[in-house]
2 protein chains.
Amino acid sequence: MRRPSDRTRSGARVRVKPIPEATVARLPVYLRVLQHLADQQITTVSSERLAEAAGVNPPKVRKDLSYLGSYGTRGVGYDVEYLVYQISRELGLTQDWPVALVGVGNLGQALAGYKGFTQRGFRIGALFDADRERAGEQVGNLRIEHIDDMESSLKEKGIAIALIATPAAAAQETAERLVAAGVRSILNFAPTVLTVPSSIHVRQVDLSVELQILAFYEQRTAGRPGRRRGT
Amino acid sequence: MRRPSDRTRSGARVRVKPIPEATVARLPVYLRVLQHLADQQITTVSSERLAEAAGVNPPKVRKDLSYLGSYGTRGVGYDVEYLVYQISRELGLTQDWPVALVGVGNLGQALAGYKGFTQRGFRIGALFDADRERAGEQVGNLRIEHIDDMESSLKEKGIAIALIATPAAAAQETAERLVAAGVRSILNFAPTVLTVPSSIHVRQVDLSVELQILAFYEQRTAGRPGRRRGT
DNA sequence: AACTGTGAACGGGTTCACAGCC
DNA sequence: GGCTGTGAACCCGTTCACAGTT
């Protein structure tokens with residue numbers, strides 16, 4: 001069985017073909033589907049069924065999974081539990097990734113309480129806000145800290161991933177402070193492009209942009225919309 | 001000046017080259033940057049400066065904008081205000097798009113109060129929840145309605161875009177009801193793949209998936225992470 | 001017979017280089 | 001000289017067809 005990963009003489013695992021970004025972005029979806037199947041005591045799944053549940057086509061599933069290794073059985077399909085383990089390992093979910101949240105406003109508070117994070121193994125490990133009044137306030141089982149204490153607090157807690165839920169105007173400075181505090185991955189909810197060193201991973205979630213994209217396609221379908229603006 | 005759009009004899013605008021999806025997804029970002037420039041009384045911008053602010057490279061900006069028409073001036077750049085208008089029109093933002101929100105829980109409530117939507121011209125026009133107890137409850141200046149009233153309410157209000165912020169288990173049924181109520185575009189925050197007719201536009205915002213993608217790249221950098229899980 | 005794994009063909013999107021215009 | 005507009009080259013990702021395996 002040939003594998004797209006192998007070991008060097010020193011024993012370190014070295015990936016021969018890197019996993020394409022597009023594939024990485026789909027692995028979490030496959031994982032969720034597989035866990036759901038496992039909950040229903042389903043032990044084996046074909047690329048066809050997995051594709052259907054993940055909203056993609058079967059060849060794509062096979063290609064994606066082939067980047068991880070030859071984990072399927074021809075004529076049979078994939079072992080659900082084994083795949084769950086392999087994908088989890090690949091995504092680095094076999095270890096704990098505490099995340100920090102900066103900006104405990106409207107959206108930040110919702111994110112702090114979002115069940116989906118804990119369900120998927122992401123624990124909020126620190127909350128920060130720029131408002132001194134709010135420092136010390138309890139949210140869930142965490143106390144809000146002032147952003148001036150961010151650097152020492154994050155280093156102490158060994159936090160490498162952070163969410164930015166500040167107003168847009170504060171996001172860039174927040175990002176810089178996070179990077180100074182050793183954070184290497186940022187999920188940005190503020191509607192601004194962040195400029196960070198190239199070694200830092202940033203992903204952007206822009207709620208208004210999503211709606212604007214939908215509006216574009218909606219407009220094309222030329223159905224009757226709401227009233228004209230300003231009337 | 002050749003244009004990628006033209007008029008038929010009947011006067012309807014017909015696009016010769018369709019705008020690539022990838023470009024559509026960037027137009028809202030350009031628009032935001034341009035509006036920001038306009039606020040600072042900047043009247044002209046080069047592709048280089050626009051690219052920098054939007055986090056892309058100059059040729060991409062020029063290619064993207066060229067799909068809309070030849071709106072720049074060689075040797076000078078783009079007129080900020082004119083571009084704002086053209087992009088807004090292209091995205092369909094010169095009209096009002098009231099949106100519905102289904103699922104007024106933790107996340108839903110935050111979305112209902114999200115300032116960014118109103119700032120970008122999206123007004124929440126209806127709130128629905130499956131919990132009968134909550135029907136009638138006031139959130140902001142809207143009253144929560146029960147989902148059983150969705151169809152008549154949405155049709156009456158002429159709402160075509162909806163946000164799903166229900167638990168994952170309820171999302172598919174919610175989507176089906178929305179489609180039955182005439183909704184054509186859905187922004188789904190529930191962590192499930194929705195199956196809808198191909199004429200319906202769905203965009204997915206999956207918060208946990210974003211974190212999992214970051215975890216993947218974080219793991220590669222081989223820094224020391226938090227403690228192992230379960231210890 | 002059923003289903004995976006994958007090289008090869010294909011297509012959309014990005015980048016490049018330069019022609020075109022102010 | 002400066003900057004846009006765009007065909008052409010390039011690259012990544014998707015799809016396809018089928019060889020390989022149980």
Side-chain angles (χ1 to χ4, degrees), chain A residues 1-6 15-27 29-30 34 37 42-80 82-83 86-87 90 213 216-217, chain B residues 1-6 15-27 29-30 34 37 42-80 82-83 86-87 90 213 216-217:
Chain A
M1 172 160 55
R2 275 190 59 254
R3 288 275 184 76
S5 78
D6 213 332
R15 184 165 299 284
V16 178
K17 285 186 201 161
I19 303 184
E21 277 190 48
T23 296
V24 171
R26 283 187 295 267
L27 290 179
V29 179
Y30 298 148
L34 289 164
L37 292 173
I42 294 170
T43 58
T44 289
V45 69
S46 66
S47 61
E48 191 183 343
R49 294 230 288 141
L50 184 45
E52 149 109 58
V56 299
N57 56 7
K60 197 180 276 181
V61 167
R62 295 201 296 275
K63 187 115 263 189
D64 283 342
L65 296 181
S66 77
Y67 290 115
L68 309 185
S70 298
Y71 295 149
T73 307
R74 291 166 204 239
V76 179
Y78 299 89
D79 182 85
V80 172
Y82 187 55
L83 249 197
Q86 290 298 344
I87 295 179
E90 202 62 58
I213 296 169
F216 172 85
Y217 291 109
Chain B
M1 172 162 50
R2 275 192 58 254
R3 289 273 184 79
S5 79
D6 213 335
R15 183 164 299 283
V16 178
K17 285 186 201 167
I19 303 184
E21 277 191 48
T23 296
V24 171
R26 283 187 294 267
L27 290 179
V29 179
Y30 299 148
L34 288 164
L37 292 172
I42 295 171
T43 59
T44 289
V45 68
S46 65
S47 62
E48 191 182 345
R49 295 228 290 140
L50 183 46
E52 149 110 55
V56 299
N57 57 9
K60 197 180 277 182
V61 167
R62 295 201 297 275
K63 243 281 135 89
D64 283 342
L65 295 181
S66 77
Y67 290 115
L68 309 185
S70 296
Y71 295 148
T73 308
R74 292 165 203 238
V76 179
Y78 300 90
D79 182 85
V80 172
Y82 187 55
L83 250 197
Q86 291 298 345
I87 296 178
E90 201 62 56
I213 296 170
F216 172 85
Y217 291 108

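Reminder, nothing fancy here: chain letters follow the sequence lines and each chain counts from 1.
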Mind checking if Arg49(B) touches a base, just sugar-phosphate, or nothing, with heavy atoms under 4.0 Å?
nothing
NA contact type, Glu48(A), heavy-atom cut-off 4.0 Å: base, sugar-phosphate, or nothing?
nothing
Compute the ring centroids of Tyr71(A) and Tyr78(A), then answer whether they are less than 6.0 Å apart.
no
Rounding to an integer number of Å, can you tell me how far Tyr82(A) OH sits from dT4(C) C1'?
15 Å
Tyr30(A) atom OH is separated from dT4(C) atom P, nearest whole Å, by 13 Å
Taking dG13(D), dT14(D), dG5(D) as options, the one with an atom nearest any side-chain atom of Arg74(B) is dG5(D)
Counting only side-chain nitrogens and oxygens, does Ser47(B) get under 4.0 Å of the OP1 or OP2 atom of dT4(D)?
yes
Among the nucleotides dC3(C), dG5(C), dT6(D), which one has an atom lying closest to any side-chain atom of Ser70(A)?
dG5(C)
Considering only dG5(D), dT6(C), dC3(C), which nucleotide approaches the side chain of Ser66(A) most closely?
dT6(C)
Let me spell it out: for each of Asn57(A) and Val76(B), pick the nucleotide of DNA chain D with the closest heavy atom. Which residue's pick is nearer the 5' end?
Val76(B)
As a test of reading the structure: which of dT22(D), dC16(C), dT15(D) is closest to the side chain of Pro59(B), going by heavy atoms?
dC16(C)
For Lys63(A) and dA17(D), give me the distance from atom NZ to atom P, rounded to whole Å.
14 Å
Nearest-nucleotide check on DNA chain D, Leu65(B) vs Arg62(A); residue mapping nearer the 5' end is Leu65(B)
Five-pair end axes of the helix from dA1(C)-dT22(D) to dC22(C)-dG1(D), angle between them (10°)
0°
